[in-house]
Amino acid sequence: MHALDAHELYRFFLIGDDETAALRGVSFQLSAGEIVALTGPSGSGKSTLLACVTGLDEPDGGHVEVGGMRLTRRSEPERTRFRAANFGILLQSGNLFGHLSVEQNVRLQMLLAAKPDEKRIGALLESVGLSHRARAFPTELSGGETARAGLAVALAADPPILVADEPTAEVDRDTESGLIEQFEARREAGLATLLATHSKALAQRADRIIRLRDGRIDGE
Ligand code: ADP
Ligand code: MG
């Protein structure tokens, strides 16, 4: 059984009379202990695919299974519960609640996944190099700190599957290598990681690369 199994996903967007086929029959699997990099030009469907596999968006065709259970075409509350239990998600922005400190953001994510663990908060912030910024609010963080805080939130509940959309797009080299270390630690721990990325350094460290072009898989 795969950690994640995407079957023939389709997603269309209609704006006025213009239809964009963002996904046109995308299938792939992600196994435990694997890092998979999703690459492809801007507009090729990477973010749409990540949204569909995590249940943040519903595909127009096809379905997604997580740990052997179907995620697609369930009610919003069911998808939310399912997502909290199975996924850590790092989006390109909007990963932190602005009225909560870094530490409170991490704690909230643990509570949502019903995995409160006060000791883990400190260890997690230390592992992303943010111990000294635990009480800072999102507006007080630099770009690199924001990315690392977002990662701490995504990792808060030690999720079986981490999904990250361009996690290293706006960070310096040191931060990038710190993030890569986190992903590799997940591989060691037998957890699955799916990354959309333009970074060659990051894609090279993946076990497998899936290339998207115009909503289709162009190569693996
Ligand atoms: P990528 O992440 O690879 O840059 P996206 O998944 O964001 O690509 O976009 C794939 C295609 O779908 C693009 O043509 C984009 O304009 C379109 N698209 C994505 N989201 C929406 C949306 N919410 N409404 C309309 N079109 C969208
Ligand atoms: Mg994108």
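One-based numbering along the sequence shown. Counting starts at 1 for both ligands and their atoms, following the listed order.
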Note: ligand 1 atoms sitting under 4.0 Å from heavy atoms of S42 are 4 (O)
Exactly one candidate in L4, L9, L38, D5 meets side chain to side chain contact (heavy atoms under 4.5 Å, CB included) with F28; the answer is L4
>> If only side-chain N and O atoms count, and only distance matters, is there a donor-acceptor pair under 3.5 Å linking S199 with E176?
In response: yes
Does G43 have a non-hydrogen atom less than 4.0 Å from ligand 1? yes
query: Can you find a pair of side-chain heavy atoms, one from F12 and one from L23, that are under 4.5 Å apart?
result: no
Q | L49 N/O to ligand 1 N/O under 3.5 Å | A | no
Shortest non-hydrogen pair, A192 vs S31, comes out as CB-O, 3.4 Å
A student checking ligand 1 against P41 at a 4.0 Å heavy-atom cut-off should list atoms 3 (O)
protein heavy-atom neighbour closest to atom 6 (O) of ligand 1 works out as T48 OG1, 2.6 Å
Atom 4 (O) of ligand 1 within contact range, any protein heavy atom under 4.0 Å:
yes
query = Under the 3.5 angstrom rule, does the side chain of R208 hit a backbone N or O of A37 as a donor-acceptor pair?
reply = no
Below 3.5 Å, N or O to N or O, backbone or side chain included: is there any such pair between T20 and ligand 1? no
- Task: Using 2.8 Å as a strict upper limit, say whether an N, O or S atom of S47 approaches the Mg ion (ligand 2) that closely.
- Result: yes
In this structure, atom 12 (O) of ligand 1 is nearest to the protein heavy atom A22 CB, 3.4 Å
Look at atom 25 (C) of ligand 1 and say whether a protein heavy atom is found at less than 4.0 angstrom from it. yes
So the atoms of ligand 1 within less than 4.0 Å of a heavy atom of I15 turn out to be 25 (C)
Heavy-atom closest pair (L56 atom, R79 atom, distance to 0.1 Å) is O-NH2, 4.4 Å
Atom 7 (O) of ligand 1 sits nearest the protein heavy atom S47 CB, 3.8 Å
Looking only at protein heavy atoms, what sits closest to atom 8 (O) of ligand 1 is G45 N, 3.2 Å
Of all protein heavy atoms, the one nearest atom 19 (C) of ligand 1 is F13 CE1, 3.5 Å
Between G150 and L90, the two heavy atoms sitting closest are C-CD1, 3.4 Å
Requested in this report: Evaluate side-chain contact (heavy atoms from CB on, under 4.5 Å) for E184 paired with R205, printing each intermediate quantity in order.
Outcome: CA-CA 8 Å; E184 293 187 333; R205 306 289 271 275; 3.0 Å; yes
- Looking at side-chain heavy atoms only, is the closest gap between Q104 and L108 below 4.5 Å? no
Notebook entry, point to check: Does G215 have a non-hydrogen atom less than 4.0 Å from ligand 1?
Noted result: no
Using atom types as modelled, flag every donor-acceptor pair under 3.5 Å from a side chain in residues 127-137 to any protein atom, sequence neighbours excluded.
from, atom 1, to, atom 2, distance (Å)
S127, OG, L124, O, 2.8
S127, OG, Q182, NE2, 3.3
R133, NE, E145, OE1, 3.4
R133, NE, E145, OE2, 3.3
R133, NH2, E140, O, 2.6

